[in-house]
Number of protein chains: 2
Amino acid sequence: MNDPKIRNMEEFATASGISRPTVSKYFNDPQSVRESTRQRIEAALEQYDYRPNIYAINQNRRLTKNIGIVVPYLADPFFAEIARNIENLIIASGFRTILLSSHGDPKQEMDNLDLLRSIKPAGVLLAPLGRASDPAAVKAFCDDVPTVLFDCNISDLGEAFIGHNNVQATEQICEYLCRTGEPPVFFEMRTPPNPNAYRRRNAYCEVMEKLGYPTQLIQVDGEGWNFEEIGYVEGKRVISQRLLTTNTVLCSNDRLAIGFLTAAYETGQRVGRGEDCALRVAGHDNHPYSRFTCPPLTTISHDYVLIAEKSVETLLSFIESGERAQSRETTLFDGKLMMRSSA
Amino acid sequence: MNDPKIRNMEEFATASGISRPTVSKYFNDPQSVRESTRQRIEAALEQYDYRPNIYAINQNRRLTKNIGIVVPYLADPFFAEIARNIENLIIASGFRTILLSSHGDPKQEMDNLDLLRSIKPAGVLLAPLGRASDPAAVKAFCDDVPTVLFDCNISDLGEAFIGHNNVQATEQICEYLCRTGEPPVFFEMRTPPNPNAYRRRNAYCEVMEKLGYPTQLIQVDGEGWNFEEIGYVEGKRVISQRLLTTNTVLCSNDRLAIGFLTAAYETGQRVGRGEDCALRVAGHDNHPYSRFTCPPLTTISHDYVLIAEKSVETLLSFIESGERAQSRETTLFDGKLMMRSSA
DNA sequence: TATTTATCTTTACGCGCGTAAATTTTTAAT
DNA sequence: ATTAAAAATTTACGCGCGTAAAGATAAATA
């Protein structure tokens, strides 16, 4: 390691006693050279501190080994966790990762895609903002770069979509709530940024009708991604104005529910299944913090790991085949009821 | 935009009627060329869809325009928020950003630094893991790359450190708690991953002594970064075993406090300042979720924006001067008491 | 051992751009 | 209008690597 500094592959090749093209071949795929030469190269690697210049590599390769990951809002631990799982899988497959957050801002989302374009990535895993996304711009990007959408679907964009089954999940928790108490009202944003919310709303209406219960949609104002704040402020209003027609509230997602729980607490409404409780509250997503609300939140979990695995696997297969999708596949994973004490 | 595709700067220069070296100069700094030529280039930019190849640029520049950001645990919204602020400031300064999380894992931290090395960044903003970090390896990195540490200090590493004033913050909340009720016990991990915790512990002991109150350290087991879980599990144990010598608990950080609040809720201990409350609980950090706990958490806030600004400003000044620090400056920002209803 | 096949070496070119030096053109100052 | 200064052009080289082609060498097969 204290030998004279190696400045480039030429010098390293000389130092290892192998020709540069063969060394280059080795770095592209160590398995592609003969066992004996691989050992000589690796011996030299231990002796000299050399690594190929990424910029020179990527300049000459038609396809880089970079994969972009774009999430709508990284400050949400839900997305941070999915991103972490995806990153690990991609790196394990010998690719590099660039993680970008759109911070809930459509302009930032476009900037992210622009940045990725200039990186010439092999592929991109994109969880779009949803309603706020610019479909034409996203489509243009997907046409240029193999892109797999996850978490949030925009119809017909990307090679494939991997997400959760909002209908099944909503049905399951609605059935549970109806079976064990009063039928739930549905607490949501009037104009949610994420299309999953619309699917959940529709699923709620359908399953309630199927079960023969009345529906009540409580659609509150508020824009952006500060869901806890919206759930808190509007929850307080809804409770104090006695707008709830039953004692059971199904929130469109856990972050709204977290805020709603705070509102319930502050207005003195005890939440839970017990006799002494005034409200039952349930959420949707199994947010990392849902275990630590007061009371812990009953919700529907989604398997981060499965979504991450399927997304990565799908993208890598497109990358490796070099082909584009003939038909756009959609994969939805079922949710699992997480029974805790809030409902 | 529908003109023939431009493949490189040569073609773009021809198309815009300007020589390539001048175009190159423009892309390095648009202000460095004459007004009239800038307009001609920008007119061409509107007409043709061209952007310089990043890899070719970075290969030839001695210094890239990349700045690395490394945080210990991105799934913690606290770090996600700081990172977001830092990113915006850096991008506004014309640099690029690479955001990496160590996921609480020392090996990952080293991998991140290795990755950054290969990117040849102009500089790095590093919030190290702390206790688990490999000081020698981090030092070696800091010797190679201008690095500014933030949030978590490792003595003598990096060009500078920007963080919060744990002593002032702890003193302030201790004084508040003592003034308004029983003196606090200090709830923390026995072996916290982050050195800020040690400073808070020491500050707690000192200020309590100064105020003439007894100290009680409740040091719980648990490793890693699942602070809520640790606060919850150990909080339950501490409460049920009646280990608290006063009714007031100061948690070493908000995430522990979030778990502790859940423990208090589940064990039926009402938390707050009222007559009917059994416990007061306070935290430290003003975590994004601390407003939405039940009850909302009294804590000490740190100004993300200030820390982000100072960190970026410091790093950029080193990058622009091209010099390294003669003496390592430490900047600490004071915390502000966030009085909520938990204490 | 001879032959086939896989692997390596040599040679050479190109990727897209930074950048330096010498020269010409444009602009600003006198 | 003259001169000096600023900016642009032309020319040329190099960065570190991918990669292709042709020939040489080693390994595997018969």
Side-chain angles (χ1 to χ4, degrees), chain A residues 4-45 48-66 94 96 117-122 322, chain B residues 4-45 48-66 94-96 117-120 122 322:
Chain A
K5 274 255 171 179
I6 300 286
R7 323 194 74 241
N8 54 37
M9 196 180 279
E10 192 73 55
E11 292 186 12
F12 177 76
T14 309
S16 60
I18 307 285
S19 73
R20 189 179 70 74
T22 303
V23 170
S24 169
K25 204 151 172 276
Y26 167 85
F27 280 111
N28 278 326
D29 178 10
Q31 303 302 322
S32 69
V33 301
R34 198 189 298 150
E35 171 67 25
S36 57
T37 50
R38 190 188 328 154
Q39 284 174 355
R40 287 171 69 189
I41 292 174
E42 280 165 3
L45 270 179
Y48 303 96
D49 179 27
Y50 166 75
R51 66 187 67 195
N53 180 310
I54 302 185
Y55 300 114
I57 291 176
N58 285 334
Q59 177 175 17
N60 296 309
R61 251 208 262 272
R62 47 178 66 172
L63 207 64
T64 69
K65 283 280 195 175
N66 297 328
R96 289 163 166 277
R117 233 193 264 267
S118 72
I119 296 286
K120 301 187 194 303
Chain B
K5 275 255 168 178
I6 300 286
R7 324 194 74 241
N8 54 38
M9 195 180 280
E10 192 74 54
E11 292 186 12
F12 177 74
T14 308
S16 61
I18 308 285
S19 73
R20 190 179 67 74
T22 302
V23 170
S24 169
K25 203 149 171 277
Y26 167 85
F27 279 111
N28 279 327
D29 177 10
Q31 303 302 323
S32 68
V33 302
R34 198 188 298 150
E35 172 68 23
S36 56
T37 50
R38 192 187 327 152
Q39 284 173 355
R40 288 171 67 189
I41 292 174
E42 280 164 3
L45 270 179
Y48 303 96
D49 178 27
Y50 166 75
R51 64 189 68 195
N53 179 309
I54 302 184
Y55 300 114
I57 291 175
N58 285 334
Q59 176 174 19
N60 296 310
R61 251 208 261 274
R62 47 176 68 170
L63 208 63
T64 69
K65 283 279 196 176
N66 297 327
F95 287 80
R96 288 163 168 277
R117 231 192 265 267
S118 71
I119 296 286
K120 301 187 192 306

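Proteins come first, then strands; the chains are lettered A, B, ... in the order of their sequence lines, and each starts at number 1. What you see is a predicted model; the values in this text were computed from it and never measured.
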How long is the straight-line distance from CG of Asp29(A) back to CZ of Arg38(A), given to the nearest 0.5 Å?
9.0 Å

Under the side-chain hydrogen bond (donor to acceptor under 3.5 Å, both in side chains) test, residues paired with Asn58(B) that sit two or more places apart:
none

Can you check the Asn60(A) CG to dC17(D) P distance for me, whole Å?
10 Å

Donor-acceptor pair, side chain of Tyr55(B) and main chain of Ile119(A), under 3.5 angstrom
yes

In whole angstroms, the gap separating P of dC17(C) from CD1 of Ile54(B) amounts to 11 Å

Could you tell me whether the side chain of Lys25(B) and the main chain of Val33(B) form a donor-acceptor pair under 3.5 Å?
no

Whether Arg40(A) side chain and Gly17(A) backbone form a donor-acceptor pair below 3.5 Å
yes

Send over the distance from Asn8(B) CG to dG16(C) P, rounded to a whole Å.
5 Å

Could you check how far CG of Asn53(A) sits from C1' of dC17(C), rounded to whole Å?
13 Å

By salt bridge (Lys or Arg N to Asp or Glu O under 4.0 Å) - contacts of Glu11(A) (at least two apart):
none

Which letter, B, S or -, goes with each nucleotide of nucleotides 5-12 of chain D from 5' to 3', with contact meaning a protein heavy atom under 4.0 Å?
--SSBBBB

Would you say a side-chain N or O of Ser24(B) is under 4.0 Å from OP1 or OP2 of dG18(C)?
yes

Starting at atom CD of Gln59(B), determine the distance to atom P of dG18(D), rounded to an integer number of angstrom.
10 Å

Remember a base hit wins even if backbone is also touched, and classify Asn28(A) as base, sugar-phosphate or nothing at under 4.0 Å, heavy atoms.
sugar-phosphate

Does the pair Met9(A) and Tyr50(A) meet the rule for a side chain to side chain contact (heavy atoms under 4.5 Å, CB included), with working shown?
CA-CA 8 Å; Met9(A) 196 180 279; Tyr50(A) 166 75; 3.3 Å; yes

Looking only at side-chain N and O atoms, does Tyr50(A) come under 4.0 Å of OP1 or OP2 in dC17(D)?
yes

I need the CD-P distance between Gln39(A) and dT7(C), as an integer number of Å.
15 Å

In whole angstroms, the gap separating P of dG16(D) from CZ of Phe12(A) amounts to 16 Å

Whole Å only: how far is the CZ atom of Phe27(A) from the P atom of dG18(D)?
9 Å

